S.K.: 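This is the structure I have questions about; it appears just below.
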Amino acid sequence: MALTSWFRWNEPNLRLSQRNPADMVVETLMMELSWQMKQAEKQQREKENEYRKIKTGVDYSWLVSYPKHSYDISPMERLQLEDSCSTIHPSYCGPIILRFRQMVAEYEPDVHEVPRLFRAVLQEASEKMKEEEDAKKLARQWNTKRAMSMSLTTFKSRARIYPFISDIKTISEDVEREVEPNRRVWSMPEFRTTKDE
């Protein structure tokens, strides 16, 4: 019984861990967009109330009831934004949210401008991801070429040091065969000491 209650208690966590990371990125980014749109709408209402209060000199804001959330993006635009979010790598999700919040705070957009600002941030992140991927690809290509050239250099140097087929007599061959070595005929001259001294 304790085990089944543990599964019931942790069931949302199990479902959360089984979800696709790309879906979680889309959901997180779209929730951030929705929240920023609500905040922009709220600020816009507050600005309008302040303007009315200054213009009329009377505060009627306590009489006015506003709908919870009146502005929403079109279904087509939502699908396009979700599609753009689906291309974002999970490691970029946090930086995108931070950048989006920074831009909203900097520009203080109207509610209908928030999705365009969000799209610009997504585009900026996509370009940065592409640049980083291209840089990684070039680095991999360079490392592969370098490794190949190094292996060829090593192979060539081994071929020079350890020839596969060689007619050159070496001292080690003579020792292995227990044969007295012939007189050396190499590039270095032999130095003989004479007893005339």
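Remember, predicted model here, so these are calculated numbers, not experimental data.
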S.K.: Of all residues at least two apart in sequence or in a different chain, which pass the side-chain hydrogen bond (donor to acceptor under 3.5 Å, both in side chains) check with S74?
M.R.: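 side-chain hydrogen bond (donor to acceptor under 3.5 Å, both in side chains) check on S74 returns nothing, list empty.
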S.K.: Please identify which of these residues, L122, V114, L29, meets the side-chain contact (heavy atoms from CB on, under 4.5 Å) condition with F100.
M.R.: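 Single pass found, and it is V114.
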S.K.: As an exercise, state the distance from NZ of K136 to CG of N143, rounded to the nearest 0.5 Å.
M.R.: 13.5 Å
S.K.: How close do A40 and P109 get, heavy atom to heavy atom, and via which atoms?
M.R.: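 Smallest interatomic distance, heavy atoms only, reads CB-O, 3.9 Å.
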S.K.: Kindly write out the residues that satisfy side chain to side chain contact (heavy atoms under 4.5 Å, CB included) with Q123, not counting sequence neighbours, or none if the list is empty.
M.R.: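 Residues passing side chain to side chain contact (heavy atoms under 4.5 Å, CB included) with Q123: E127.
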S.K.: Enter the distance from R101:CZ to I96:CD1 here, rounded to the nearest 0.5 Å.
M.R.: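 It is 13.0 Å, given to the nearest 0.5 Å.
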S.K.: State the CD1-SG distance between I88 and C93, to the nearest 0.5 angstrom.
M.R.: 9.0 Å
S.K.: Please name all residues satisfying side-chain hydrogen bond (donor to acceptor under 3.5 Å, both in side chains) with Q36, sequence neighbours left out, ordered by chain then number.
M.R.: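 Once residues adjacent in sequence are excluded, the partners of Q36 under the side-chain hydrogen bond (donor to acceptor under 3.5 Å, both in side chains) criterion are E32.
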S.K.: By the ring-ring contact (aromatic ring centres under 6.0 Å, His included) test, which pairs, at least two apart or in different chains, include something from residues 20-39?
M.R.: none
S.K.: Rounded to the nearest 0.5 Å, what separates atom CD1 in I97 from atom CG in L33?
M.R.: 11.0 Å
S.K.: Quick one: list whatever passes side-chain hydrogen bond (donor to acceptor under 3.5 Å, both in side chains) with Q44, sequence neighbours left out.
M.R.: none
S.K.: Side chains of E46 and Y51 only: does a donor on one sit below 3.5 Å from an acceptor on the other?
M.R.: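 There is no such pair between these side chains.
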S.K.: Would you indicate whether the side-chain heavy atoms of M37 and P115 approach each other to under 4.5 Å?
M.R.: yes
S.K.: Which pairs count as side-chain hydrogen bond (donor to acceptor under 3.5 Å, both in side chains) when at least one residue sits in residues 102-119, sequence neighbours excluded?
M.R.: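 Sorted result for residues 102-119: R99-Q102.
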S.K.: Any donor and acceptor pair, going by atom type alone, linking the side chain of S86 with main-chain N or O of D83 inside 3.5 Å?
M.R.: yes
S.K.: Can you check whether M30's main-chain N or O pairs, donor with acceptor, with S34's side chain at less than 3.5 Å?
M.R.: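 Pair absent, no side-chain N/O of S34 close to backbone of M30.
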S.K.: Looking at side-chain heavy atoms only, is the closest gap between M129 and T87 below 4.5 Å?
M.R.: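 M129 vs T87: side chains apart.
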S.K.: Measuring from H89:NE2 to E133:CD, what's the distance to the nearest 0.5 Å?
M.R.: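 Reported value, rounded in 0.5 Å steps: 9.0 Å.
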